[in-house]
There are 2 protein chains.
Amino acid sequence: MTTERVDRTDAGVSTTKKSFRILETLKTEEGLTITEITERTNLSKSTVYRHLATLTDMGYVIETDGGYYIGLKLLEISEKTRNREAGYTAAKRKVFELGQETDERAVFLVEEGYEGVYLHRYGSLSDTMIGKRRPLYSLASGKVILTEWDDDEIDRYIEETDLERHTANTITDPDDLYEELDQIREQGYGINNEEYMSGLCGAAVPVYTPGDDLLGALGLFGPASRFKEKSVQNELVDRLRDKAGEIKVTLAYG
Amino acid sequence: MTTERVDRTDAGVSTTKKSFRILETLKTEEGLTITEITERTNLSKSTVYRHLATLTDMGYVIETDGGYYIGLKLLEISEKTRNREAGYTAAKRKVFELGQETDERAVFLVEEGYEGVYLHRYGSLSDTMIGKRRPLYSLASGKVILTEWDDDEIDRYIEETDLERHTANTITDPDDLYEELDQIREQGYGINNEEYMSGLCGAAVPVYTPGDDLLGALGLFGPASRFKEKSVQNELVDRLRDKAGEIKVTLAYG
DNA sequence: TAGGACTGTTTCACTGTACGGAACTCAGCA
DNA sequence: TGCTGAGTTCCGTACAGTGAAACAGTCCTA
């Protein structure tokens with residue numbers, strides 16, 4: 001998965017892994033009891049009890065009405081990552097503006113470990129995508145990020161990633177991907193033509209720092225019915241370009 | 001170290017604590033090397049190495065250019081907490097609108113463990129407050145939350161909290177706090193009169209679910225110079241009330 | 001009201017493992 | 001060619017994490 005991954009599974013602390021296994025269990029199902037966690041993790045009841053005691057003691061887990069929940073203290077740690085770059089924070093605001101102005105879903109995506117991670121988003125209230133990881137090759141924003149890498153890096157990416165098919169339109173052939181990236185480079189934006197989920201299209205542009213380093217990708221997506229229109233695409237791309245430019249300017253001149 | 005630990009939490013896993021100690025070290029200082037973390041944590045180098053190996057293996061920590069960073073995978077877990085309640089997500093949008101419309105800093109605060117935690121915020125790009133914890137009694141939004149508790153709970157809160165003084169205006173006397181809460185209940189909003197940081201004032205209103213449960217508090221804050229004006233306060237409070245109402249409506253009718 | 005069926009909590013002996021120190025590799029540099 | 005200071009690996013040992021089982025509550029049902 002990640003680059004230059006050395007096999008050091010031997011050197012590790014399995015206790016920590018168990019704690020995180022519990023946390024991840026609580027991520028998918030909140031409000032579980034000790035015995036429920038026990039069933040889901042294949043750990044013994046006393047082990048779960050002890051780990052939860054530690055985690056609640058530290059404030060990372062909260063107990064309410066006999067159910068365990070992930071505490072807000074983790075926010076403090078993870079939020080740090082969302083503000084590592086000043087541009088990330090600037091992007092947050094632009095994502096919001098994009099969403100409000102276009103009434104489409106807007107996202108800001110960055111790469112980590114050869115995957116796309118949503119850092120910011122504007123969209124429906126029911127579902128958040130923040131922190132979710134998606135394959136770069138099947139997203140407009142992901143492909144845009146790929147275009148910024150040099151050839152060696154892209155080769156390595158393709159080698160380590162299997163271009164899994166998600167829809168009929170997913171790019172699964174490396175040559176097709178190279179070609180697609182060339183086109184994106186040429187036109188300056190990427191399009192997702194129902195490549196990750198059928199019925200869902202998107203458009204994205206790269207975001208640069210004042211020093212012209214890649215910060216991430218700014219994207220809009222919505223139902224294919226709307227996004228198929230070339231005129232709609234053009235309008236959205238123009239808007240995306242404006243916002244990406246504004247981020248750069250914000251960073252340069254405060 | 002020595003024998004005879006007075007730790008009451010005898011049931012716990014200290015290994016997990018060590019892992020989190022490393023994570024918290026990386027929270028305050030990013031990009032540290034193994035030896036730097038060793039110095040800061042009083043753990044042995046091999047221990048730090050082993051913990052980092054596990055954490056990077058799980059993706060919670062990222063190694064780049066010999067420096068260690070907190071990975072975005074923690075976002076996936078912590079973001080869950082920010083969306084536990086549908087209202088939290090609705091509040092996010094309203095915070096943004098408030099910020100845009102008033103050009104002041106806007107926040108949405110909830111309570112956890114007798115502390116106020118910022119869930120959402122709109123403000124300057126340089127500093128994020130999300131996840132930060134503040135004493136309830138010294139914030140407009142915090143006091144608003146306190147008013148919603150019954151007397152027993154407030155008594156217990158005051159008993160367990162020492163009303164530490166932050167500025168000349170901080171409420172440090174329990175009786176004064178009771179009185180203040182009464183006033184807030186009466187007028188339906190809270191004011192922070194430079195009680196946490198001198199020069200900084202704020203206003204806040206409670207946010208309710210359609211079932212009239214307290215969701216959190218919506219607040220605006222800014223320099224005392226502006227917020228001292230009664231007319232300004234009234235205008236901001238009106239706006240806060242509108243937005244709080246909109247959250248309720250959104251939850252009720254989608 | 002007793003008893004069953006659940007919880008969560010605690011105890012305890014065992015043993016697996018996390019630990020620290022030291023040895024090792026490796027890179028940069030004088 | 002050493003020297004320094006990184007990261008990595010090794011290893012014996014202490015001890016902390018472990019699971020099973022016993023214990024303590026609580027809520028039902030009969």
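Every chain is numbered from 1, with letters handed out A, B, ... down the list of sequences.
- In terms of phosphate contacts, A:S14 brings no side-chain nitrogen or oxygen within less than 4.0 Å of OP1 or OP2 of D:dG17.
- Positionally, the nearest nucleotide of DNA chain C for A:Y68 lies more toward the 5' end than for the other of A:Y68 and A:T16.
- Residue whose closest nucleotide on DNA chain D sits further toward the 5' end, between A:L43 and B:I34: B:I34.
- Rounded to whole Å, atom P of D:dT18 lies 13 Å from atom NZ of A:K17.
- In this entry the distance linking CD1 of A:I37 with P of C:dT9 reads 12 Å, nearest Å.
- Distance, A:D65 CG to C:dG8 P: 13 Å, rounded to whole Å.
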*Test salt bridge (Lys or Arg N to Asp or Glu O under 4.0 Å) on A:E148 and A:R185 and set out the steps.*
CA-CA 8 Å; A:E148 297 290 324; A:R185 264 184 279 257; over 6 Å; no

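- OP1 and OP2 of D:dG17 both lie 4.0 Å or more from every side-chain N or O belonging to A:H51.
- Rounded to a whole Å, the CD atom of B:E63 is 6 Å from the P atom of D:dT8.
- When the side-chain nitrogen and oxygen atoms of B:T15 are compared with OP1 and OP2 of D:dG17, one or more of them lie within a distance under 4.0 Å.
- The side chain to side chain contact (heavy atoms under 4.5 Å, CB included) test with A:L215 singles out one residue from A:I247, A:V110, A:I145, and that residue is A:I247.
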Check nucleotides 20-25 of chain D for protein N or O atoms closer than 3.5 Å to its own N or O atoms and list the pairs.
unit_1: D:dA20; atom_1: N6; unit_2: A:S46; atom_2: OG; d: 3.3

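- Nearest-nucleotide mapping onto DNA chain C: of A:T35 and A:K18, the residue sitting toward the 5' end is A:T35.
- Just one of A:L181, A:T161, A:D176 meets the side chain to side chain contact (heavy atoms under 4.5 Å, CB included) condition when paired with A:Y137; it is A:T161.
- Using the six-membered ring where Trp is involved, B:Y196 and B:H166 have ring planes that are tilted, between 30° and 60° apart.
- Atom-to-atom, CG of A:L55 to C1' of D:dG17 comes out at 14 Å; the value is rounded to the nearest Å.
- By the 6.0 Å contact criterion, CG on B:D150 is enclosed, its count of non-hydrogen atoms from other residues, nucleotides or ligands being greater than 12.
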*Starting from the C-alpha separation in whole Å, work towards a yes-or-no answer on ring-ring contact (aromatic ring centres under 6.0 Å, His included) for B:F20 and A:Y60.*
CA-CA 10 Å; B:F20 273 99; A:Y60 292 114; 4.3 Å; yes

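- Rounded to whole Å, atom C1' of C:dT7 lies 11 Å from atom CD of A:E36.
- The interatomic distance linking B:L52 (CG) with D:dA6 (P) rounds to 15 Å, in whole Å.
- Annotation: side chain to side chain donor-acceptor pair (under 3.5 Å) contacts of A:S138 (sequence neighbours excluded): none.
- As rounded to whole Å, 11 Å separates atom P of C:dG8 from atom CG of A:L32.
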